[in-house]
Amino acid sequence: MANSGLQILGFFLAVIGWIGLIVGTILPQWKMSAYVGDNIITAIAMYQGLWMSCAFQSTGQIQCKVYDSILQLDSALQATRALMIVSIILSVIGMGVSTMGMKCTNCGGDDKVRKARIAMVGGIVFLIGGLAALIACAWFANRIIKDFYNPFTPVNTKYEFGSAIFIAWAGSFLVILGGAMLACSCPRRTGGARKYPRTKSGPPSTTKEYV
C-alpha cells in the first residue's frame, strides 16, 4: 500500500538523518578559522567543535584538546550541546515508537487504527527531535556570524562555518522530513455504522390481484 511505502521511506530518511546528527555532533569542525585580513596564509588551521578544539598543521599533523571545564564554555556552545543530545535521544525514541506502529511490522497488535496512531506519534517525536537539532545549528551559526562581523573581534580569532555544522543541518532536515512522512499516517476509521439494505416502508398493500 502507498501508506506503508510512505512510512518505510519516512523511517529510513529519519534514520539517515539521525546518523547525520551523531556524526555532526562528534566532529570538531563546527567552525573553522577564517582566512581574512593578514591571516590569509597560515600553516595552522584551527577548528572548534562541541567537545574539543583541533589544530591542523600543513604537515598533516592534528592536535586536538578536549574542553577542560563545561562552566568555562559560552552559553551558545552549552545550549547547542544540550539540544543536539536531546535531538539524538528523541530520534532514538521516535525510532522505537515508529517501529511498533509501522504496517510492515508485527509489533503493536493487529489493530490498524491503533498502529497508525502509534506511527503518527513516532513521527511527531521525530519532528520534535529534528526541530531541536535545527534550532541548535541555527543558534550556533548565528553566534559565528555575529562574532565574524563584530569589529572588536581580532582578525586572527574570526571563524566561519565548518563541515560538521552542515552535516548536522542536513541530518536535522532529514529527520524532520522523515518525521513528517510518518506523522502523515493518520488513522482512518474502518468501523462505524453498519449499512443495511433499504426496505420499503409504508402500509401493507391491500390490493389483490384477480385473475
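In this text the structure is predicted, and so the values were computed from the model without any measurement. Only this structure's heavy atoms are used, side chains among them; waters, hydrogens and symmetry mates stay out.
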Can you tell me if Tyr67 uses its side chain to pair, donor with acceptor, with the backbone of Met52 under 3.5 Å?
yes
Does any N or O in the side chain of Trp139 come within less than 3.5 Å of the main-chain N or O of Leu77, such that one atom is a donor and the other an acceptor?
no
Phe11 side, atom CZ; Ser98 side, atom OG - distance, nearest 0.5 Å:
6.5 Å
Rounded to the nearest 0.5 Å, how far apart are CD of Glu160 and OG of Ser33?
7.5 Å
Verify the ring-centre separation between Tyr159 and Phe148: is it less than 6.0 angstrom?
no
Charged N-O contact under 4.0 Å between Lys31 and Asp147:
no
Can any side-chain N or O of Lys115 pair as donor or acceptor with the backbone N or O of Met100 at less than 3.5 Å?
yes
Examine distances only and state if a side-chain atom of Trp18 and a backbone atom of Leu174 form a donor-acceptor pair shorter than 3.5 Å.
no
Check against side-chain contact (heavy atoms from CB on, under 4.5 Å), Arg81 and Leu73:
CA-CA 11 Å; Arg81 268 186 178 185; Leu73 302 176; 3.8 Å; yes
Per-pair distances, 0.1 Å, donor-acceptor, side chain in residues 85-97, under 3.5 Å, sequence neighbours excluded:
unit_1	atom_1	unit_2	atom_2	d
Ser87	OG	Gly129	O	2.6
Ser91	OG	Ser87	O	2.8

The reported gap from CG in Leu21 to CD1 in Ile26 (rounded to nearest 0.5 angstrom) is 11.0 Å
Find the distance between CG (Asp74) and OG1 (Thr80) and round it off to the nearest 0.5 Å.
8.0 Å
